[in-house]
There are 2 protein chains.
Amino acid sequence: MSKGVEWAMHTLLNLGMLEDGEPVSSAQLAAGHGLPAAYLNKQLQLLVKAELLTSTPGPRGGFTLARPIDSISLLDVVVAIEGNEPIFRCAEIRRCGKIGELSTGNTSTTCAVKRAMYRADMAWREALAKQKLSDVQNELDIDNPSVRRTVRRAFGGA
Amino acid sequence: MSKGVEWAMHTLLNLGMLEDGEPVSSAQLAAGHGLPAAYLNKQLQLLVKAELLTSTPGPRGGFTLARPIDSISLLDVVVAIEGNEPIFRCAEIRRCGKIGELSTGNTSTTCAVKRAMYRADMAWREALAKQKLSDVQNELDIDNPSVRRTVRRAFGGA
DNA sequence: GTCTAAATACTCGGATACCCGCTGTCCGAGTGGTCCGGG
DNA sequence: CCCGGACCACTCGGACAGCGGGTATCCGAGTATTTAGAC
């Protein structure tokens with residue numbers, strides 16, 4: 001999995017901890033975690049395309065959450081960055097080679113291996129969809145009660 | 001995910017459909033699904049290292065299942081090929097950059113994002129561990145009752 | 001003082017190289033089978 | 001006919017290239033701000 005997912009997660013969480021709706025530039029967001037600004041910008045564009053962020057150009061511009069964080073699931077973030085293709089790609093090798101040629105029964109059904117892997121994939125996605133960014137935010141608050149103030153000072157005080 | 005997982009799945013299932021304990025060479029296994037023999041051999045070595053297959057060198061040699069298929073889960077295969085590292089890699093970016101420097105609270109706890117992603121990862125792994133290769137084999141029998149005979153003829157009749 | 005308009009600085013957005021890891025290939029070490037010669 | 005040994009063919013095992021996608025970077029299009037000038 002690309003590390004862009006981790007960057008997107010923390011960036012969205014940081015934006016969710018700011019009260020006002022003021023946009024934050026990608027440079028500020030990148031400086032918050034020591035990330036390369038240009039590449040982070042590329043990932044944020046994916047989040048804009050997924051309608052998780054809203055971008056405003058020009059001075060005083062930047063990115064803003066497009067939806068409340070309790071409506072954004074971890075799956076939304078993963079799909080926005082990685083795409084929604086399943087982890088396991090079935091190349092239908094069952095129909096190739098000697099076995100595929102000798103096969104006589106119906107091959108209309110989808111590959112059993114693919115089905116089994118797909119079930120596990122769905123379990124993963126459900127576990128991701130069940131967790132909202134707000135849940136993670138609450139855990140952050142419990143771990144470190146001053147994290148919200150820290151984030152605001154890191155961005156507001158710049 | 002690397003396509004070697006798919007190859008390993010089908011190869012193990014094919015070996016499980018053979019009655020006798022005669023070893024099957026990687027060339028035969030590869031011909032069964034039209035795969036490059038040398039590269040499949042590389043993947044099978046990983047399965048040997050994971051103690052899912054037993055290899056016997058020399059003429060009439062090849063690979064044999066090291067354990068009964070009802071004791072091999074899909075997770076075993078995935079871990080053997082891909083390794084058992086979690087899908088989501090946490091780079092601990094929360095401790096980097098401006099936010100990391102200004103952070104005052106305890107950072108002894110593991111990253112909340114990492115924990116959340118890990119939960120989904122565990123759901124995926126549990127779903128994989130719950131399904132044994134024998135379960136997939138049963139589905140294959142239902143889909144195509146003649147698949148076992150086909151596999152035996154593909155390998156035995158060579 | 002106020003309005004207008006141009007210059008400006010800052011932002012996103014997409015196009016362009018770089019690099020690591022999966023993919024694919026090859027050759028050597030080792031072993032069981034086979035064949036030949038001898039007893 | 002039976003046995004022993006050397007040869008051989010076939011197998012796995014690890015070492016060696018090639019390429020695609022993620023990673024990183026840069027420059028151009030667009031806009032709110034600012035500022036200077038005219039009324």
Side-chain angles (χ1 to χ4, degrees), chain A residues 1-8 11 15 21-31 33-66 78-83 85 87-89 91 93 96-97 155 158, chain B residues 1-8 11 15 21-31 33-66 78 80-83 85 87-89 91 93 96 155 158:
Chain A
M1 170 167 298
S2 67
K3 64 178 65 171
V5 174
E6 184 183 8
W7 300 2
T11 300
L15 284 174
E22 283 293 299
V24 182
S25 70
S26 63
Q28 289 177 338
L29 291 169
H33 287 298
L35 305 175
Y39 188 37
L40 176 65
N41 190 9
K42 190 178 178 62
Q43 311 284 11
L44 297 183
Q45 288 174 28
L46 294 175
L47 296 179
V48 171
K49 198 168 288 183
E51 297 182 0
L52 299 182
L53 286 183
T54 303
S55 65
T56 59
R60 305 279 300 168
F63 295 92
T64 315
L65 285 179
V78 172
V79 168
I81 300 294
E82 298 273 316
E85 294 190 0
I87 301 177
F88 178 81
R89 292 164 296 168
I93 65 173
C96 304
F155 290 143
Chain B
M1 166 167 300
S2 66
K3 63 177 66 171
V5 174
E6 184 183 9
W7 300 2
T11 300
L15 284 173
E22 283 293 299
V24 183
S25 70
S26 63
Q28 289 176 337
L29 291 170
H33 287 299
L35 304 174
Y39 188 36
L40 177 64
N41 190 12
K42 190 178 180 60
Q43 313 285 9
L44 296 183
Q45 288 174 30
L46 295 175
L47 297 180
V48 171
K49 197 167 291 183
E51 298 184 359
L52 299 181
L53 287 182
T54 303
S55 66
T56 59
R60 306 279 300 168
F63 294 92
T64 315
L65 285 179
V78 171
I81 301 294
E82 298 273 317
E85 295 189 1
I87 301 177
F88 178 81
R89 292 164 296 167
I93 66 172
C96 305
F155 291 143

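In what follows, every heavy atom counts, from backbone to side chain, and hydrogens, waters and symmetry copies are set aside. Sequence lines set the chain letters: A, B, ... in the order given, protein chains first and strands last, and positions in each chain run from 1. As the structure is a computational prediction, the values presented were derived from the model and not from experiment.
Contact annotation: A:S55 side-chain N/O to C:dG13 OP1/OP2 distance is under 4.0 Å. Within the structure, a side-chain polar atom (N or O) of B:S26 is placed less than 4.0 Å from OP1 or OP2 of D:dC12.
Residue B:E85 contributes atom CD, which lies 10 Å from atom P of C:dC22 at whole-angstrom precision. For the pair A:L40 CG and D:dG22 C1', the interatomic distance rounds to 15 Å; values are reported in whole Å. Rounded to an integer number of Å, the gap from CD of A:E22 to C1' of C:dT11 is 14 Å. The distance between atom CD of A:Q43 and atom P of C:dG13, rounded to the nearest whole Å, is 14 Å. When rounded to the nearest whole Å, the span between NZ of B:K3 and P of C:dT23 equals 6 Å. Whole-Å rounding puts the B:N41 CG to D:dT11 P distance at 11 Å. If you take CD of B:E6 and P of C:dC22, they are 17 Å apart, rounded to a whole angstrom. Note: CG (A:L53) to C1' (C:dC12) measures 13 Å, nearest angstrom.
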Between protein and nucleic acid, restricted to nucleotides 16-19 of chain D and to nitrogen or oxygen atoms under 3.5 Å apart, what atom pairs and distances do you find?
none

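Checking D:dT25, D:dG13, C:dC12 against every side-chain atom of B:Q45, the shortest atom distance belongs to D:dG13. The side chain of A:Y39 lies closest to D:dT23 when the candidates are C:dC22, D:dT23, D:dC26. Proximity note for B:S25 (side chain, C-beta onward) versus C:dG13, C:dT31, D:dC12: the nearest is D:dC12. Counting only heavy atoms from C-beta on, A:F63 has its side chain closest to C:dC12 among C:dC12, D:dA24, C:dG24. If you check D:dG22, D:dA24, C:dT23 against the side chain of A:S2, the one that comes closest is D:dG22. In this structure, of C:dG24, C:dT31, D:dA24, it is D:dA24 that holds the atom nearest to the side chain of A:P36. When each of C:dG33, C:dC10, C:dG13 is scored by its nearest atom to the side-chain atoms of B:R60, the top-ranked nucleotide is C:dG33.
In this structure, B:G61 and A:A38 both approach DNA chain D, and ranking their closest nucleotides by distance from the 5' end singles out B:G61. Sequence order on DNA chain D of the closest nucleotides to A:G58 and A:W7 puts A:W7 first from the 5' end.
Shown here is B:E51, whose CD atom has no more than 12 heavy atoms of other residues, nucleotides or ligands within 6.0 Å.
For B:R89 and A:E6, the salt-bridge test fails: no basic side-chain N is under 4.0 Å from an acidic carboxylate O.
Between B:V24 and B:T11 the shortest side-chain heavy-atom distance does not fall below 4.5 Å. Contact check for B:F63 versus B:P23: no side-chain heavy atoms found under the 4.5 Å cut-off. In this structure, A:L52 and A:L65 have side chains that are not in contact, with every pair of non-hydrogen atoms separated by 4.5 Å or more. Residues A:L44 and A:S55 are not in side-chain contact: their nearest non-hydrogen atoms beyond the backbone lie 4.5 Å or more apart.
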* Which is it for A:Q43 and A:L47 under the side chain to side chain contact (heavy atoms under 4.5 Å, CB included) test, yes or no, and what are the steps along the way? -> CA-CA 7 Å; A:Q43 311 284 11; A:L47 296 179; 5.9 Å; no
* Asked: Do B:V78 and B:M1 pass the side chain to side chain contact (heavy atoms under 4.5 Å, CB included) test, and can you show the C-alpha distance, the side-chain angles, and the key distance before you say yes or no?
  -> CA-CA 9 Å; B:V78 171; B:M1 166 167 300; 4.3 Å; yes
